[in-house]
**Q** 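The structure that follows is given in the form of structure tokens.
This one's a predicted model, so the numbers in the text were calculated from it and none came from an experiment.
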Amino acid sequence: MSVPRRIIALLASAVLAALAGCAPRIDIEVDRSRHFHPPPDTSPDGWWPCPVPGADTRECRLVHVAIGGPGSGTVALSVSRLPARDPGRRIGALVLSPGGPGLSGLQEALAASLDYPAELRDRFDIVGFDRRGVGLSGRVDCGEPRGSVDRLRTAKNLADPIPMRAIDLDVREYVEKCRLRHGELLGHLGSRAAADDLEAVRVALGEEKISLLVHSYSTIPGQLYVAQHPDRVRSAVFDGVVDPGRRGTDMALRTLHSPEELDDEHVPVPPSRDLPESVREAFATLDPGKPPLALFLSAHCADFSWPETIPALLHKLAAERESGRESGWRVNTVARDYAACVHWPGRDAPLGAVRPASGPSSADGAASGEPVLPLLINSRKDIRTPLAGAERVANRFHAPLLTVRGGQHGLVGYGNACAEKYAVAYLTGRLRVAESDRLSCA
């Protein structure tokens, strides 16, 4: 199923300090359209009504977060909240975060108001936000690499494709142009920053604890958040689990597939039948479009370990191709797309395997006061987030893992009845799980 692709009109400008020695600062201006536009009298830290006619009540706000260290400027996260439909039975806030990286949490929250399991809509405030660098939170886009870097896609011998110096110079030029466009933000788009932003959203919501429903690549900042803030998590579902404990080349090669093998990743798409035109328009307008390469690089280069030089990267990929383990087009595509990781800002400390803080965990941190056990959900034959990765993450967190037959990527909110039954029961506290439980949808 494809998502409508009306691109939001965005203007993102990076303003660097004019004086030598000054830290770069960034002001990001965005045309937020009538589907996300604060009234003139709105407080900088306040909520405003942002209804979409034909959908549930919706309110919005901006959450300003520091880009990096002191003096680095700020970026505004665009956040929406759908109040629980049954206030008398309200549990708390359920924060959604889709994958990509590059999909819109604002768009997913709107879809949730229309087609998510009813019990979640009744008992939780549904919160969505565009993570930094995405959509209405300062979209990052640097176009595609050119010259010798682009020619890597057709190189017959990556070990000696074209002069290494030419590739290195073209990579440096691409990275520098991107840095000049987006400033320090470019080096602070990895999962560490995403986990910090999730904490900023929690504070803005005024919630002591939040529940999480995170998909695909957002399961990495989800792991970080549960590990770093166990006392702030009431419950958490990781749907389509990514293992950060791999090398970057392995991650890229194992998850890159042709258009014939899988559809583009997307947020849940509400059923088109009987939807008002205003809802269809809002859903399309909130779509940030196809995630740009610079956003993948900003996340993947920071989160995973990569070779230190262009020759080292290309020789490693050439060995993969010569071994017969990987097809030529896949290896060449990774070489072309990820050569920039050698010089990308913000890649000093890859994540490695994320592990929770030591100590006992429980199925219901809200009730016990102990760190919560996240519920992991993964299809057995998911080629984008392989089951083996979910199993490794489950072992590190001593977490329960629900496996679902087939290869669907995206289950909760995407219409998989069995996965949604378990997720709803877990999030609402009706399902008690124990450490390292292994559950299954037949």
**Q** How far does CD of Glu320 sit from CZ of Arg330, to the nearest 0.5 angstrom?
**A**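 One gets 11.0 Å once the value is rounded to the nearest 0.5 Å.
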
**Q** Using atom types as modelled and distance alone, determine if a side-chain donor or acceptor of His315 lies under 3.5 Å from a backbone N or O of Pro311.
**A** yes

**Q** Before giving the answer on side chain to side chain donor-acceptor pair (under 3.5 Å), spell out for Ser379 and His409 the whole-Å C-alpha distance, their side-chain angles and the decisive distance to 0.1 Å.
**A** CA-CA 7 Å; Ser379 294; His409 182 67; over 6 Å; no

**Q** Is there a side chain to side chain donor-acceptor pair (under 3.5 Å) between His343 and Asp168 once you walk through the steps?
**A** CA-CA 9 Å; His343 298 301; Asp168 192 78; 2.7 Å; yes

**Q** I'd like to know whether Arg347 forms a salt bridge (charged side-chain N to carboxylate O under 4.0 Å, His left out) with Glu308, so could you lay out the CA-CA distance, the side-chain angles of the two residues, the decisive distance to 0.1 Å, and finally the verdict.
**A** CA-CA 10 Å; Arg347 60 174 294 264; Glu308 295 296 323; 3.7 Å; yes

**Q** Checking Lys177 now: which residues fulfil salt bridge (Lys or Arg N to Asp or Glu O under 4.0 Å) with it, not counting sequence neighbours?
**A**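 Lys177 satisfies salt bridge (Lys or Arg N to Asp or Glu O under 4.0 Å) with Glu173 once adjacent residues are dropped.
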
**Q** Measure from the side-chain N and O atoms of Ser137 to the backbone N and O of Gly133, and report whether any donor-acceptor pair falls under 3.5 Å.
**A** no

**Q** Got a donor-acceptor contact below 3.5 angstrom from the Ser211 side chain to the Arg234 backbone?
**A**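 No; zero donor-acceptor contacts below 3.5 Å.
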
**Q** State, with a plain yes or no, whether a side-chain heavy atom of Ser218 is found less than 4.5 Å away from one of Arg131.
**A**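 Side chain of Ser218 against side chain of Arg131, heavy atoms only: contact under 4.5 Å found.
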
**Q** Checking Phe124 against Leu427 for the side-chain contact (heavy atoms from CB on, under 4.5 Å) test, could you report, in this order, the C-alpha distance in whole Å, the side-chain angles of both residues, the deciding distance, and whether it holds?
**A** CA-CA 10 Å; Phe124 287 96; Leu427 290 168; 4.2 Å; yes

**Q** Run the salt-bridge test on Arg396 and Asp243 with the 4.0 Å N-O cut-off and return the result as yes or no.
**A**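 Salt bridge between Arg396 and Asp243, a charged N being under 4.0 Å from a carboxylate O: yes.
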
**Q** So do the side chains of Arg132 and Leu77 get within less than 4.5 Å of each other, counting heavy atoms only?
**A**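 The answer is yes; the side chains approach within 4.5 Å.
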
**Q** I need the Ile310 CD1 to Leu158 CG distance, nearest 0.5 Å.
**A**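 Going from the CD1 atom of Ile310 to the CG atom of Leu158 covers 11.5 Å.
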
**Q** Is it true that a side-chain atom of His300 and a backbone atom of Leu295 form a donor plus acceptor pair closer than 3.5 Å?
**A**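 Not at all, since once roles are kept as given, no pair shorter than 3.5 Å links the two residues.
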
**Q** Looking at Arg438 and Ala399, what are the two nearest heavy atoms and their distance?
**A** NH1-O, 3.1 Å

**Q** Please name all residues satisfying ring pair (Phe, Tyr, Trp, His ring centres under 6.0 Å) with Phe129, sequence neighbours left out, ordered by chain then number.
**A**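 By the ring pair (Phe, Tyr, Trp, His ring centres under 6.0 Å) rule, Phe129 matches no residue at all.
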
**Q** Sort out for me which residue in Leu103, Val79, Leu106 forms a side chain to side chain contact (heavy atoms under 4.5 Å, CB included) with Asp130.
**A**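 Among Leu103, Val79, Leu106, the one that satisfies the side chain to side chain contact (heavy atoms under 4.5 Å, CB included) with Asp130 is Leu106.
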
**Q** Quick one: does any side-chain atom of Asp437 pair with a main-chain N or O of Val433 as donor and acceptor, under 3.5 Å?
**A**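 Pair absent, no side-chain N/O of Asp437 close to backbone of Val433.
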
**Q** From the options Leu401, Val226, Leu213, select the one residue that forms a side chain to side chain contact (heavy atoms under 4.5 Å, CB included) with Phe238.
**A**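 Going through the options one by one, the only one that passes is Val226.
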
**Q** Between the side chains of Arg336 and Asp150, is the shortest nitrogen-to-carboxylate-oxygen separation below 4.0 Å, so that they form an ion pair?
**A** yes

**Q** Taking Asp170 first and then Arg172, would you say they form a salt bridge - that is, a charged N and a carboxylate O separated by under 4.0 Å?
**A** no

**Q** Just to verify, which of Pro101, Ser191, Pro244 counts as forming a side chain to side chain contact (heavy atoms under 4.5 Å, CB included) with Pro221?
**A**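 So the option named by the test is Ser191.
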
**Q** Compare all side-chain heavy atoms of Phe296 with those of Asp337 and state whether any distance is below 4.5 angstrom.
**A** no

**Q** Are the side chains of Asp125 and Leu82 in touch, meaning some heavy atoms are under 4.5 Å apart?
**A**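 The answer is no, as the side chains (C-beta and beyond) never meet within the 4.5 Å cut-off.
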
**Q** Quick check: do Asp382 and Thr385 have side-chain heavy atoms less than 4.5 Å from each other?
**A**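 Counting from C-beta outward, Asp382 and Thr385 do come under 4.5 Å.
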
**Q** Looking at every heavy atom in both Pro292 and Val140, which two are closest together, and how far apart are they?
**A** CG-O, 2.9 Å

**Q** Is the backbone of Glu281 close enough, under 3.5 Å, to the side chain of Thr285 for a donor and an acceptor to pair up by distance?
**A**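 Pair found, side chain donor or acceptor close to backbone of Glu281.
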
**Q** Tell me every residue that passes side-chain contact (heavy atoms from CB on, under 4.5 Å) with Ala340, counting only those two or more places apart in sequence or in another chain.
**A**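 For Ala340, the residues satisfying side-chain contact (heavy atoms from CB on, under 4.5 Å) (neighbours in sequence not counted) are Val171, Tyr174, Val175, Leu297, Trp344.
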
**Q** Stepwise, does the side-chain contact (heavy atoms from CB on, under 4.5 Å) test hold for Gln107 with His266?
**A** CA-CA 10 Å; Gln107 194 187 33; His266 57 265; over 6 Å; no

**Q** With heavy-atom distances below 4.5 Å as the criterion, would you say the side chains of Arg58 and Ser113 are in contact?
**A** no

**Q** Any non-hydrogen side-chain atom of Leu224 less than 4.5 Å from a side-chain atom of Asp196?
**A** no

**Q** Can you pull the disulfide (SG to SG under 2.5 Å) pairs that have at least one residue in residues 286-331, sequence neighbours excluded?
**A**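 Residue pairs with at least one partner in residues 286-331: Cys301-Cys341.
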
**Q** Can a donor-acceptor pair be found, under 3.5 Å and without considering hydrogens, that links the side chain of Tyr426 to the backbone of Ala236?
**A** yes

**Q** Which pairs count as side chain to side chain donor-acceptor pair (under 3.5 Å) when at least one residue sits in residues 410-420, sequence neighbours excluded?
**A** none

**Q** Once you round to the nearest 0.5 Å, how far does CG of Asp239 lie from CG of Leu402?
**A**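 Atom-to-atom, Asp239:CG and Leu402:CG are 9.5 Å apart.
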
**Q** For side-chain contact (heavy atoms from CB on, under 4.5 Å), just list the numbers for Leu376 and Val393, CA-CA rounded to whole Å, side-chain angles, deciding distance to a tenth of an Å, and then say yes or no.
**A** CA-CA 9 Å; Leu376 279 56; Val393 174; 3.8 Å; yes

**Q** Do any pairs count as a side chain to side chain donor-acceptor pair (under 3.5 Å) and have a residue in residues 397-406, sequence neighbours left out, and if so which ones?
**A** none

**Q** Start with the C-alpha gap between Val331 and Leu253, add the side-chain angles, then the distance that decides, and say whether side-chain contact (heavy atoms from CB on, under 4.5 Å) holds.
**A** CA-CA 7 Å; Val331 171; Leu253 288 169; 4.1 Å; yes

**Q** Do you know the tightest heavy-atom contact between Gly138 and Leu185?
**A** O-CD2, 4.2 Å

**Q** Would you call Leu351 and Ile220 a side-chain contact if the rule is heavy atoms closer than 4.5 Å?
**A**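 Yes, close enough: below the 4.5 Å cut-off.
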
